[in-house]
Undergrad: 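Okay, handing you the structure first.
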Protein chains: 2
Amino acid sequence: MREGPDIARIASLVGDPARANMLNALMGGTALTASELALEAGVSLPTASSHLSKLMEGGLLTLASQGRHRYYGLAGPQVAGMIEAITGVAEAVGPKRVRPGPRDGAMRVARVCYDHLAGEQAVAMLDRLVARDILLRDDNEIRLGPSAASHFSAIGIDVGAKPRRPVCRACLDWSVRRSHLAGTLGAAILDKILSEKWARREKDSRAVVFSPVGKVAFERVFLA
Amino acid sequence: MREGPDIARIASLVGDPARANMLNALMGGTALTASELALEAGVSLPTASSHLSKLMEGGLLTLASQGRHRYYGLAGPQVAGMIEAITGVAEAVGPKRVRPGPRDGAMRVARVCYDHLAGEQAVAMLDRLVARDILLRDDNEIRLGPSAASHFSAIGIDVGAKPRRPVCRACLDWSVRRSHLAGTLGAAILDKILSEKWARREKDSRAVVFSPVGKVAFERVFLA
DNA sequence: AGAATGCTTCGATGGAGACCTAACTATGCG
DNA sequence: CGCATAGTTAGGTCTCCATCGAAGCATTCT
């Protein structure tokens with residue numbers, strides 16, 4: 001009988017299908033209301049509410065009350081990372097070795113991970129930013145390079161603010177198995193991509209699909 | 001109701017206290033028998049056996065039968081990584097914000113992760129090996145440098161063999177939050193450390209404590 | 001104020017699964 | 001061969017918890 005952090009408690013929170021569906025939905029990054037999550041999980045509203053209490057108590061979620069709406073979101077990047085790790089194992093181990101459909105292909109190319117971009121495009125982007133010394137990488141620690149401020153402000157992203165959350169952070173990509181960029185900068189870049197309409201979110205999926213024009217623009221800015 | 005990899009299934013496997021204890025014990029890296037795991041989990045042998053079947057079916061464990069002994073081990077580094085990720089969240093979220101005791105301190109300095117060394121020492125080692133170009137690091141991909149073969153064979157480690165498992169692999173360290181070295185090379189180095197008696201495993205813990213002499217030797221070889 | 005919406009709490013029900021004892025199979029030893 | 005050890009299977013009990021309908025709060029709209 002071993003002591004230590006209560007890993008079973010955390011895992012069992014994720015271990016219920018309804019809760020897992022909710023967490024999965026929240027991996028999309030946008031905070032959702034209880035009713036949306038109930039729909040997502042395929043359970044009634046009271047059931048969902050009960051699950052959400054448990055996830056809150058377990059510290060996996062954050063709650064933002066706005067008027068009569070209550071928005072639930074993932075508690076942080078660490079939680080998102082854990083979900084991706086579990087997803088990775090489930091993928092590898094899953095008996096559903098079916099041929100990956102088109103949506104799976106799109107997921108591999110680009111998808112949302114919590115609040116930033118993941119997938120091949122995201123990994124390529126980080127590689128390129130590091131190669132150009134816009135970002136400086138030292139293992140899993142990523143810092144801004146000397147030209148970062150001017151480079152990002154030129155495209156309308158301010159990297160000056162110092163929030164609690166780190167600006168840059170490496171996040172292991174479960175499909176590519178290499179890191180992509182997380183942190184506030186990663187989130188800002190995803191914002192940029194979506195607000196410029198370079199790409200759009202696939203409905204009911206974490207996949208992100210670039211338009212032909214958007215892909216060119218993205219590559220010009222980030223993969224040049 | 002969302003489709004995809006069955007993350008709830010995997011998580012619920014880890015979500016039972018008995019199974020979590022077993023997996024935790026296996027994070028020590030050595031494969032254990034059913035009875036040892038039963039003891040570790042604090043359940044009867046039949047109960048343990050039932051749990052082990054489920055873990056096997058879930059693909060989290062591998063089984064090596066030797067005579068009347070059946071040795072269970074973690075299925076691979078990916079599974080170990082998942083456990084560490086969950087442990088990280090449990091640590092961060094856990095209500096047990098007690099002041100870290102001496103054992104926790106030791107864990108932070110050096111511990112076993114599945115079959116290789118983790119903790120501050122391990123992170124420092126990887127940094128140094130990369131800085132000396134003995135290993136070449138490109139994101140989470142690590143390759144052998146030109147001088148690797150001669151350097152490691154000089155200390156009795158053969159990096160020539162080409163097993164299925166990669167020789168080098170980055171594994172995210174949950175205490176330091178940066179990568180340390182996994183893969184067959186990481187395993188071989190841990191073997192070396194233990195067989196040379198530079199350090200010993202703490203009883204009933206994943207902590208690894210260096211002897212004064214061993215620490216010097218380790219630093220001379222790997223942190224020079 | 002009254003109605004409508006969003007969500008939580010209550011109470012009851014049902015099913016899944018964790019657990020143990022006991023019986024059974026398999027391997028090794030003398 | 002016969003006993004001992006390691007492990008799995010079978011059968012049965014019991015607890016936990018996911019679920020839903022109905023009722024209760026809270027906030028906003030009219």
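So you know, we letter chains A, B, ... as the sequences are listed, proteins then strands, and number each from 1. Because the structure is predicted, anything quoted here is derived from the model rather than measured.
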Undergrad: Side chain of A:Pro46: nearest nucleotide among C:dA18, C:dT21, D:dC20?
TA: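 Looking only at side-chain atoms, A:Pro46 lies closest to D:dC20.
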Undergrad: Heavy atoms from C-beta onward define the side chain here; which of D:dA18, C:dA18, D:dT8 lies closest to that of B:Leu45?
TA: D:dT8
Undergrad: Look at atom CD of A:Glu57 and say whether more than 12 heavy atoms of other residues, nucleotides or ligands are closer to it than 6.0 Å.
TA: no
Undergrad: CG of B:Leu32 versus C1' of D:dG7: gap in Å, rounded?
TA: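 Distance check: B:Leu32 CG to D:dG7 C1' gives 15 Å.
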Undergrad: B:Ser53 side chain to B:Ser49 main-chain N or O, any donor-acceptor pair under 3.5 Å?
TA: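 Yes; judged by distance alone, with no hydrogens or angles, the pair exists.
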Undergrad: What is the distance, to the nearest angstrom, from the CZ atom on A:Arg70 to the P atom on D:dA26?
TA: 11 Å
Undergrad: What nucleotide among D:dT8, D:dA18, C:dA18 has an atom nearest to a side-chain atom of B:Arg19?
TA: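 The closest nucleotide is C:dA18.
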Undergrad: Inspect the contact between B:Glu91 and B:Arg108 and indicate whether a charged nitrogen and a carboxylate oxygen are less than 4.0 angstrom apart.
TA: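 So B:Arg108 does not pair with B:Glu91 through a salt bridge.
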Undergrad: Checking all strands, does B:Ser50 fall into the base, sugar-phosphate, or nothing category for heavy-atom contacts under 4.0 angstrom?
TA: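 Answer is nothing: B:Ser50 stays at 4.0 Å or more from every strand.
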Undergrad: Counting the atoms with a prime plus P, OP1 and OP2 as sugar-phosphate, which does A:Ala18 contact under 4.0 Å by heavy atoms, base, sugar-phosphate, or nothing?
TA: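 Contact class for A:Ala18: sugar-phosphate only.
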Undergrad: Rounded to whole angstrom units, what separation is found between the CG atom of A:Leu37 and the C1' atom of D:dT19?
TA: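 From A:Leu37 CG to D:dT19 C1': 17 Å.
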Undergrad: Between P on D:dG7 and CG on B:Leu55, what's the gap in Å once rounded to a whole number?
TA: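 Distance check: B:Leu55 CG to D:dG7 P gives 16 Å.
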Undergrad: In whole angstrom, what separates B:Leu63's CG from D:dT8's P?
TA: 8 Å
Undergrad: Name the closest nucleotide to the A:Ser44 side chain, picking from C:dG6, D:dC20, D:dA6.
TA: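 Taking heavy atoms from C-beta onward, the closest nucleotide is D:dC20.
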Undergrad: Does C:dT8 have OP1 or OP2 sitting under 4.0 Å from an N or O in the side chain of A:Tyr72?
TA: yes
Undergrad: Would you say a side-chain N or O of A:Lys54 is under 4.0 Å from OP1 or OP2 of D:dC17?
TA: no
Undergrad: Could you check which of C:dG6, C:dC19, D:dT8 has an atom nearest any side-chain atom of A:Ser35?
TA: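 Nearest to the side-chain atoms of A:Ser35, counting from C-beta on, is C:dG6.
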Undergrad: Is it true that atom NZ of B:Lys192 has more than 12 heavy atoms of other residues, nucleotides or ligands lying nearer than 6.0 Å?
TA: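 It does: B:Lys192 NZ has more than 12 such atoms within range.
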Undergrad: Quick one: does any side-chain atom of B:Arg19 pair with a main-chain N or O of B:Val14 as donor and acceptor, under 3.5 Å?
TA: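 Not confirmed, B:Arg19 side chain does not pair with B:Val14 backbone.
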Undergrad: Verify the contact: side-chain N or O of A:His51 to OP1 or OP2 of D:dC17, cut-off strictly under 4.0 Å; return yes or no.
TA: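 No, A:His51 has no side-chain N/O under 4.0 Å of OP1/OP2 on D:dC17.
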Undergrad: Ignoring backbone atoms, establish whether B:Thr47 has a side-chain N or O less than 4.0 Å from OP1 or OP2 of C:dC20.
TA: yes
